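Just so it is clear, the model here is predicted, and its values are computed rather than measured. These values consider heavy atoms only, across backbone and side chains, with no hydrogens, waters or symmetry-generated copies.
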Amino acid sequence: MSPVPDVAGEPGADETPEPVGAPIDYRFTLANERTFLSWIRTALGLLAGGVAVHTVVVEQWPSEFRSALAVSCLLLSLVVAVGAFLHWRRIRSAMDEGRPLPGTVLVPVLSAGTAFVAVLACVAILLH
């Protein structure tokens with residue numbers, strides 16, 4: 001019985017696994033950095049939004065809602081910025097060690113946080 005040849009596209013067909021410690025393709029490193037910078041831009045936007053709500057929306061909304069909304073944006077900004085760094089570092093480590101890339105918790109955290117901020121803003125607008 002003769003061995004079945006590998007079919008193109010299947011693992012092992014034309015590819016030889018790179019040894020651990022081999023240099024990483026710079027495109028993957030740059031993609032990881034671009035993703036990090038995208039998360040940081042999001043954190044900066046939340047930071048600016050929190051500061052703007054606190055300083056600009058002085059008389060339009062009650063103080064409690066304004067403060068809650070501003071602090072929510074600022075805390076979400078902090079969580080996204082720290083999470084972005086930790087995620088960047090985990091991805092870099094996985095690439096260096098040849099492991100599968102880990103997932104992120106930033107997406108559900110940012111989604112839930114943004115929904116919370118949106119609910120606060122809606123309540124503040126409706127009560128005004």
Side-chain angles (χ1 to χ4, degrees):
M1 185 168 176
S2 63
V4 178
D6 288 335
V7 177
E10 289 185 4
D14 301 356
E15 306 167 8
T16 56
E18 290 189 28
V20 176
I24 301 170
D25 186 348
Y26 69 91
R27 293 174 293 182
F28 298 121
T29 303
L30 294 175
N32 188 31
E33 290 176 8
R34 282 191 305 272
T35 303
F36 169 75
L37 292 173
S38 293
W39 286 114
I40 293 299
R41 278 192 304 272
T42 302
L44 286 172
L46 287 164
L47 178 66
V51 170
V53 165
H54 182 68
T55 57
V56 175
V57 187
V58 177
E59 297 176 12
Q60 290 88 347
W61 290 353
S63 174
E64 301 82 27
F65 282 112
R66 190 179 72 242
S67 295
L69 189 59
V71 168
S72 297
C73 286
L74 296 174
L75 287 176
L76 190 55
S77 172
L78 177 66
V79 168
V80 169
V82 170
F85 172 73
L86 296 174
H87 182 67
W88 172 82
R89 193 174 66 181
R90 287 175 52 221
I91 294 291
R92 178 63 194 218
S93 175
M95 287 190 302
D96 286 343
E97 297 170 7
R99 292 183 286 117
L101 299 181
T104 181
V105 297
L106 284 176
V107 174
V109 166
L110 186 58
S111 297
T114 303
F116 177 74
V117 168
V119 167
L120 277 178
C122 287
V123 169
I125 288 171
L126 290 173
L127 292 180
H128 178 60

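For R27, the salt bridge (charged side-chain N to carboxylate O under 4.0 Å, His left out) partners are D25, not counting sequence neighbours.
To the nearest 0.5 angstrom, F28 atom CZ is 9.0 Å from L101 atom CG. Taken from OG1 in T35 to CG in L30, the straight-line distance is 10.5 Å, to the nearest 0.5 Å. Atoms CG and CZ, on L126 and F65 in that order, are 9.5 Å from each other to the nearest 0.5 Å. Atom-to-atom distance recorded for N32:CG and R92:CZ is 8.0 Å, nearest 0.5 angstrom. Rounding to the nearest 0.5 Å gives a distance of 11.0 Å between CG of L47 and CG of L76.
Following chains of ILVMFWY side-chain contacts shorter than 4.5 Å, one cannot reach V119 starting from V109, and the two form parts of different hydrophobic clusters. Grouping the Ile, Leu, Val, Met, Phe, Trp and Tyr side chains by contacts below 4.5 angstrom, directly or via other members, places F116 apart from L106. At a threshold of 4.5 Å between side-chain heavy atoms, the hydrophobic network of Ile, Leu, Val, Met, Phe, Trp and Tyr places L69 and L78 in two separate groups.
Contact between A84 and I40 at its shortest, heavy atoms only, is CB-CD1, 4.2 Å. When every heavy atom of V53 is checked against every heavy atom of A70, the shortest pair comes out as CG1-N, 4.1 Å. When all heavy atoms are compared, the tightest approach of V80 to L46 is CG2-CD1, 4.3 Å. Summarising the geometry of P102 relative to R90, their closest heavy-atom pair is CB-NH2, 2.9 Å, with the distance given to 0.1 Å. Here the shortest heavy-atom pairing between H54 and R66 reads O-NE, 3.8 Å. Of all heavy-atom pairs spanning P100 and A94, the tightest one is O-CB, 3.7 Å.
Side-chain atoms of R41 and S38 include a donor-acceptor pair closer than 3.5 Å.
Within the 4.5 Å cutoff, the side chain of V51 has heavy atoms near those of the L74 side chain.
In this structure, F85 and F36 have perpendicular ring planes: the angle between them is above 60°, well past the 30° mark.
The backbone N or O of L110 lies less than 3.5 Å from a partner atom in the side chain of T114, making a donor-acceptor pair. Under a 3.5 Å cut-off, the side chain of S77 and the backbone N or O of C73 do not form any donor-acceptor pair.
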